[in-house]
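FYI, side chains are in, hydrogens and waters are out, and symmetry mates aren't considered; it's all heavy atoms of this structure.
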Amino acid sequence: MALLTPSRRPAAVSKEPVPRTLPQRRRGTGARKQFTAWLFLVPALLVFGLFAWWPIVRSLLLSFQKTNLVEPAVWVGLDNFRTLFDDPLLGTAIGNTLFFVALGLLIGFPAPLVLAAIMSTARRGAGVYRFLVYLPVVIPPVVAILLWKWFYDPGSGLFNNVLGKVGLGPYSWLESSDSAMLSLVLEATWAGMGGAVLIYLAAMVGIPGELYEAAEMDGAGIWRRIWHVMLPQLRSVIGLLLLVQLINTVQVFTEPYVFTGGGPENSTLTVLLLIFRYAFQDGAYGQAAALSFLMVLVLALLSAVYLRATRSWSTS
């Protein structure tokens, strides 16, 4: 075999490292940034999992057990759900909760919109009006309820005293099963509508004034301008606040617990108050967990509707 001539010798392979290209360096930098971001997220995820997801999982497990939280739990399968559905108070609590939701939507939902529409026309003192409307939101709920409990007092209450001056009353606001739920809804509406009013006011500011001017030039009065201009422009905001109020009213607990304790004659007993009774009055933690899990499913369904609505309205 002929020897290779110097001109045919293969070139020596360089042992120096080949510098990385720009995409490779970018991928390495992006991976380090993602790792750093996840490192900062780990504590928050641990806290969220411990205080949010673990109670849900623990409640699900507890719904299939019989325990007093001291002695070892006994697995009972679906017995807690059977006992729960056999309890006549469950139907009462569900009916009262739905009644509270219906009254809240009938009274408490349009009230912030109407008040915001009135406040949007104010030329002076707008800041004072907004402060007065939002003030109930910052008052602790129990304090607000105790204040209204004095308003509802059948003897020296503010409402009966005012109505007595015009020849009306006295009324047993909280002592009558016919008016107790309505009394709770009125207080809940007053206490929680401040945030909705501010959201509506912020949305009304974004409505172009040219639309109102065009409607006015076409001869539209104040009510037609509200119906054909303002309400269509607020469609997405109204829908979102409707779903938020629906989710909040389903979870009503503080008002019936502090006002009436579920009375009179269980006329204000709600689902969450029934869960409280099962757990802390009857010691039936398994039934309380079973009802809590069913409540979680309902709230998850409402939350799914809320998320789907936010995506659809944000793209429309």
Side-chain angles (χ1 to χ4, degrees), residues 97 100-166 168-171 173-174 179-207 222 226 230-231 233-234 236-261 268 270 272-273 306:
T97 302
F100 184 91
V101 172
L103 285 178
L105 294 179
L106 181 64
I107 300 174
F109 181 70
L113 181 59
V114 173
L115 189 57
I118 296 174
M119 292 175 58
S120 64
T121 61
R123 302 301 180 185
R124 296 181 180 180
V128 176
Y129 298 148
R130 294 177 184 179
F131 169 77
L132 293 176
V133 168
Y134 194 74
L135 181 61
V137 179
V138 301
I139 298 177
V142 175
V143 175
I145 292 174
L146 292 177
L147 178 64
W148 275 67
K149 202 170 184 178
W150 172 72
F151 290 166
Y152 287 139
D153 188 274
S156 59
L158 176 65
F159 292 158
N160 280 336
N161 284 335
V162 172
L163 294 175
K165 296 183 182 301
V166 294
L168 298 177
Y171 297 101
W173 300 93
L174 299 174
S179 60
M181 188 64 78
L182 177 61
S183 302
L184 268 61
V185 171
L186 292 177
E187 187 279 333
T189 300
W190 171 83
M193 71 177 179
V197 170
L198 294 185
I199 293 175
Y200 281 131
L201 285 173
M204 290 175 184
V205 172
I207 299 177
I222 179 65
I226 291 176
M230 187 183 73
L231 292 181
Q233 293 294 317
L234 298 178
S236 60
V237 178
I238 292 174
L240 292 179
L241 289 180
L242 174 63
L243 287 173
V244 169
Q245 179 169 343
L246 183 62
I247 293 173
N248 291 335
T249 51
V250 168
Q251 304 178 77
V252 59
F253 171 77
T254 308
E255 283 79 9
Y257 176 71
V258 180
F259 265 127
T260 60
T268 57
T270 59
L272 284 186
L273 187 56
Y306 172 78

### Task
Drop me the distance from Thr249's OG1 to Phe100's CZ, to the nearest 0.5 angstrom.
7.0 Å
### Task
Drop me the distance from Leu168's CG to Phe159's CZ, to the nearest 0.5 angstrom.
14.0 Å
### Task
Flag yes if more than 12 heavy atoms outside Phe151 fall under 6.0 Å of its CZ atom; otherwise flag no.
yes
### Residue pairs passing the side-chain hydrogen bond (donor to acceptor under 3.5 Å, both in side chains) test where at least one lies in residues 130-158, sequence neighbours excluded
none
### Query
Which heavy-atom pair separates Thr270 from Pro256 by the least distance, and what is that distance?
OG1-CG, 3.8 Å
### Task
Flag the pair Leu174 / Leu184 as yes when at least one side-chain heavy-atom distance between them is below 4.5 Å, and no otherwise.
yes
### Message
Test of understanding: with side chain to side chain contact (heavy atoms under 4.5 Å, CB included), list the residues that count as partners of Pro154, not counting sequence neighbours.
### Response
Asn160, Glu175
### Summary
Scanning both residues in full, the closest heavy-atom pair of Glu255 with Ala188 reads OE2-CB, 4.1 Å
### Query
If you take all heavy atoms of Glu187 and Ala144, which pair is closest and at what distance?
OE2-CB, 3.8 Å
### Task
Quickly, which of Val143, Val137, Val142 forms a side chain to side chain contact (heavy atoms under 4.5 Å, CB included) with Ile139? Name it, please.
Val143
#### Entry: Residues in side chain to side chain donor-acceptor pair (under 3.5 Å) contact with Thr260, at least two apart in sequence or another chain
Thr268
### Task
List for me each residue that meets ring-ring contact (aromatic ring centres under 6.0 Å, His included) alongside Tyr171, sequence neighbours excluded, and say none if there are none.
Trp173
### Message
Among residues at least two apart in sequence or on other chains, which ones pass side chain to side chain contact (heavy atoms under 4.5 Å, CB included) with Phe131?
### Response
Leu135
### Message
Leu186 vs Leu103, test: side chain to side chain contact (heavy atoms under 4.5 Å, CB included). Steps then yes/no.
### Response
CA-CA 9 Å; Leu186 292 177; Leu103 285 178; over 6 Å; no
### Query
Between atom CG of Leu243 and atom CD1 of Ile247, what is the distance when rounded to the nearest 0.5 Å?
6.5 Å
### Task
Search all heavy atoms of Thr254 against all heavy atoms of Pro141 and return the closest pair with its distance.
CG2-CB, 4.4 Å
### Task
Answer whether the closest heavy-atom distance between the side chains of Leu113 and Leu234 falls below 4.5 Å.
yes
### Task
For the residue pair Leu201 and Ser120, establish whether any side-chain heavy-atom pair is separated by less than 4.5 Å.
yes
#### Entry: Partner set under side chain to side chain contact (heavy atoms under 4.5 Å, CB included) for Ile199, not counting sequence neighbours
Val237, Leu241
### Query
For the atom pair CD (Gln245) and CE (Met193), what is the distance rounded to the nearest 0.5 Å?
11.5 Å
### Task
Please round to the nearest 0.5 Å and tell me the distance separating atom CE of Met230 and atom CD1 of Ile207.
6.5 Å
### Task
First locate atom OH of Tyr257, then atom CG of Leu273, and finally report the distance between them rounded to the nearest 0.5 Å.
8.5 Å
